[in-house]
Amino acid sequence: MYPLHLTAFTATSALGAGLAPTLAALEANRSGLAPCAFETVDLPAYVGEVAGLDDVTLPAALADYDCRNNRLALLALQQDGFADAVRGAVMRYGAERVGVFLGTSTSGILETELAYRRLDESGAFIAPPSYRGSHTPQAVADVVARSLGLGGPAFVVLTACSSGAKVFASAARLIGAGMIDAAVVGGVDSLCLTTLYGFNSLELVSPEPCRPYDVARCGISIGEAGAFALLERPAQDLPGDAVLLAGVGEASDAYHMSSPPPDGHGAFAAMQAALQRAGLMPSQVDYLNLHGTATPSNDAAEGQAVMQLFGRSVPASSTKGATGHTLGAAGALETVIAALALQHGLIPGSPGSRELDPALDLDYVFVPRHQALGVVMSNSFGFGGSNASVVLRRADARMDA
Amino acid sequence: MSGLFGYLDGVAALGPGFDNWAMLAAQLTGEQPWQDAPTRLTAPPGLPPAERRRVGKPVRLALALGFEAVAMAGADAAELATVFTASGGDGDNLHALCTTLAEPARLVSPTRFTNSVHNAPAGYWGIAAGATAPSNVLSAYDASFSMGLIEALGQVQGEARRVLLIAYDSPYPGPLAALRPLPEPCGVALLLSPERGPASRARLAVVGGETAAEGSTGIAALDALARSAPSLRALPLLAALARGEGGRYGLEMPLGGLLVVELQPCV
């Protein structure tokens with residue numbers, strides 16, 4: 001099942017479209033968060049909005065899929081030669097042997113929210129949204145598959161904020177079982193009123209740019225992103241900087257719908273399972289991209305789990321101060337950021353965070369560091385107590401402890 | 001060929017006109033007539049009282065299905081990995097949230113928002129069953145059952161553990177009902193194991209490179225029900241199980257074509 005080779009990857013977020021602006025922003029410790037001016041939203045919040053989505057047009061054949069989330073998906077697919085790489089895989093293996101597995105939380109719900117503003121006297125839509133094209137969560141997997149000419153299995157994972165990480169495990173299992181030879185995995189989630197007003201109702205939205213792991217953190221800043229990777233079995237001779245999916249760990253809290261257990265036992269179990277699948281010890285991890293949403297309870301719980309497993313041995317940061325919390329896309333976005341970190345020897349910082357919570361005794365990285373990295377981990381945890389950790393390594397990483 | 005297979009150790013059903021697998025099995029074999037009737041949903045066991053009252057139809061449906069399959073297999077719910085698959089989320093919550101968001105004040109209920117996530121049934125299952133094992137939640141429009149099955153079998157093989165697959169559908173109120181007509185809340189659950197055991201009733205395997213028809217339950221009303229809800233695409237397969245027969249069945253795939261699944265009874 002593991003390792004698999006990330007033969008292509010890309011990300012589009014508030015940091016920019018594609019890897020080059022993403023890397024430049026991470027190097028400069030720059031944040032893409034800005035005061036919320038999205039749609040008619042009137043909340044004291046910062047958001048990580050992707051620029052230019054209103055100008056994206058879908059091909060005529062996919063017109064029924066036109067919505068913000070699918071525009072973001074297709075914009076992201078066009079970056080870094082990703083779509084061409086997938087078409088190459090379709091040529092090599094056949095369309096039915098390439099699957100697509102995407103994380104999302106709200107998919108194209110924005111269109112439905114807007115349609116609810118115009119109901120007739122009987123309560124019917126005056127301008128109905130497209131159920132198949134935008135409302136159903138599968139719409140984003142459908143539009144990605146159709147635009148790339150894929151014919152294999154296709155589904156969306158909806159485990160809230162761990163979705164974009166868990167797709168890596170689903171794909172690895174189906175490649176391992178021989179059902180498919182390659183998979184497009186990723187996450188696409190876009191701004192909508194449900195999440196902005198919903199998290200606000202839970203008093204979890206920060207009025208300033210979010211400050212992960214900071215002593216004064218007070219909530220999330222919501223972002224949007226599309227991030228993708230193409231997974232294939234590794235070839236015999238890989239370049240040293242090739243990025244491998246070494247393992248994924250998954251676990252459930254069985255504790256509460258919207259709060260993690262204070263000891264972070266589900267987070268601990270997911271990280272431990274990921275290392276076990278990768279055949280690695282905690283001491284071999286060179287960088288940990290934290291879930292780090294910047295809510296008081298989430299960071300405290302994750303921090304406890306990290307302290308228990310790693311102590312201060314691993315440099316760690318959350319990049320949500322740069323991108324915002326991209327919810328169902330976060331696992332994919334941050335796995336791509338982890339891949340960039342591996343290839344460029346870059347430990348990202350944490351824009352917005354200033355003073356580490358003294359209760360969390362970690363090597364928390366505030367400003368970027370440059371050092372060679374062999375193994376990195378990315379954490380993604382969600383509502384409902386769903387936890388996933390992804391471990392990546394360079395092809396030339398030393399595997400002896 | 002693919003290496004996707006597992007042994008069916010438990011099965012459950014709940015929907016219009018059937019309260020459990022025993023009732024549906026009797027209808028599928030023709031021993032009892034199927035008659036449309038409102039689905040009887042019960043308050044889920046294992047949750048704190050406040051949550052028992054508050055949870056929506058998908059949570060009630062999914063937990064009832066899960067516990068029925070677990071009981072049949074004599075399994076320990078706490079140790080099972082789970083896969084939840086549904087073509088949509090909680091329609092009642094969604095309708096309430098979208099209605100609120102269309103009002104000037106946009107006073108969203110925090111409970112509604114928390115329970116609106118697609119993985120609410122998975123979260124409540126974890127709490128009710130005390131299950132810290134991995135849990136996945138997916139959706140694939142009309143192919144939600146076939147995709148749930150390959151995810152579950154992928155876990156059975158790739159993680160070498162027993163997996164509880166819970167497939168369900170819950171209808172929309174309000175204007176979405178006209179866009180996406182669905183029957184009363186309904187679903188099925190399958191408990192799948194990597195090895196044959198005393199509880200195993202059949203072997204299920206995905207057959208690559210072959211074709212098979214969708215198949216029929218042999219009962220027109222139940223075939224129509226199977227077509228009306230993605231989770232009930234499993235009915236022809238389950239009819240064979242109820243009759244103790246084997247066969248190959250085609251399950252709807254997302255991008256066209258059928259997933260061929262072979263059922264072999266364990267005798």
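All heavy atoms count here, side chains included; hydrogens, waters and symmetry mates do not. Reminder, nothing fancy here: chain letters follow the sequence lines and each chain counts from 1. Computed from a predicted model, the values in this text were never measured in an experiment.
Proximity to chain A (any heavy atom under 4.5 Å) is shown, for B/E103, by neither the backbone nor the side chain. Interface remark: B/T111 contributes no atoms to any contact with chain A (heavy atom separation under 4.5 Å). Interface remark: B/M253 contributes side-chain atoms only to the contact with chain A (heavy atom separation under 4.5 Å). Using a 4.5 Å cut-off between heavy atoms, B/A120 touches chain A through backbone and side chain atoms alike. Of the atoms belonging to A/I109, it is side-chain heavy atoms, and not backbone ones, that fall under 4.5 Å from chain B. For chain A, no part of B/F84 is nearby; none of its heavy atoms comes within less than 4.5 Å. Neither the backbone nor the side chain of A/A141 comes within less than 4.5 Å of any heavy atom of chain B. Within the 4.5 angstrom heavy-atom criterion, no atom of A/F101 approaches chain B.
Going from atom OH of A/Y197 over to atom CG of B/L101 covers 8.0 Å, rounded to the nearest 0.5 Å. A/L174 contributes atom CG, which lies 4.5 Å from atom CD1 of B/I150 (distance to the nearest 0.5 angstrom). From A/F155, atom CZ reaches atom CG of B/N136 across 6.5 Å, with rounding to the nearest 0.5 Å. Here the CD atom belonging to A/E250 is positioned 9.0 Å from the OG atom belonging to B/S135, to the nearest 0.5 angstrom. Once rounded to the nearest 0.5 Å, the distance linking NE2 of A/H135 with SG of B/C98 reads 7.5 Å. To the nearest 0.5 Å, the span separating OH on A/Y255 from OG1 on B/T132 amounts to 15.0 Å.
Side chains of A/V156 and B/M147 form no contact here, defined as non-hydrogen atoms less than 4.5 Å apart. Counting only heavy atoms from C-beta outward, the side chains of A/R277 and B/E159 approach each other to under 4.5 Å. In this structure, the side chains of A/R173 and B/Q155 come closer than 4.5 Å at one or more pairs of heavy atoms. Side-chain contact between A/T159 and B/L138 is absent, with no heavy-atom pair separated by less than 4.5 Å.
For A/S201 and B/R106, the side-chain atoms include no donor-acceptor pair closer than 3.5 Å. Using modelled atom types, one finds a donor on one side chain and an acceptor on the other under 3.5 Å when comparing B/E151 with A/S170.
Residues B/L4 and A/A177 approach most closely at CD2-CB, 3.6 Å, considering heavy atoms. Counting all heavy atoms, side chain and backbone alike, A/A145 lies closest to B/L255 at CB-CD1, 3.5 Å. When all heavy atoms of B/A133 and A/S252 are compared, the pair lying nearest together is O-OG, 2.7 Å. Summarising the geometry of B/N119 relative to A/G384, their closest heavy-atom pair is ND2-CA, 4.0 Å, with the distance given to 0.1 Å. Across all non-hydrogen atoms, the minimal contact from A/A254 to B/A131 is CB-O, 3.5 Å. Between B/P175 and A/L119 the shortest heavy-atom distance is CG-CD2, 4.0 Å.
When the candidates A/G385, A/A124, A/G123 are compared by the number of heavy-atom contacts under 4.5 Å with chain B, A/G123 comes out ahead. Comparing A/S163, A/A169, A/P129 by heavy-atom pairs within less than 4.5 Å of chain B, the highest count is held by A/P129. Chain B forms the most heavy-atom pairs under 4.5 Å with one residue out of A/A160, A/S105, A/G176, and that residue is A/A160. For the set B/G88, B/S139, B/P134, B/A122, the count of heavy-atom pairs under 4.5 angstrom toward chain A peaks at B/S139. Interface summary for chain A: among B/T99, B/L176, B/L97, the most heavy-atom pairs under 4.5 angstrom belong to B/L176. Of all the listed residues (A/N200, A/V157, A/V167), the one sharing the greatest number of non-hydrogen pairs under 4.5 Å with chain B is A/V157. Ranked by heavy-atom pairs under 4.5 Å with chain A, the first of B/P254, B/S109, B/A86, B/A143 is B/P254. For the set A/H256, A/H265, A/E96, A/M257, the count of heavy-atom pairs under 4.5 angstrom toward chain B peaks at A/M257.
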* Stepwise side-chain contact (heavy atoms from CB on, under 4.5 Å) test for B/Y141 and A/D142 -> CA-CA 9 Å; B/Y141 189 58; A/D142 229 5; 5.7 Å; no
* With side-chain contact (heavy atoms from CB on, under 4.5 Å) as the test, would you mind laying out the steps for A/L202 and B/F113 before giving the verdict? => CA-CA 8 Å; A/L202 289 166; B/F113 176 64; 3.6 Å; yes
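In A/E39, the CD atom is crowded: over 12 heavy atoms of neighbouring residues, nucleotides or ligands sit closer than 6.0 Å. Residue A/D42 places its CG atom among 12 or fewer non-hydrogen atoms of other residues, nucleotides or ligands, all under 6.0 Å distant.
Taking the six-membered ring where the residue is Trp, A/Y131 and B/Y172 present perpendicular rings, their angle passing 60° and hence far from 30°.
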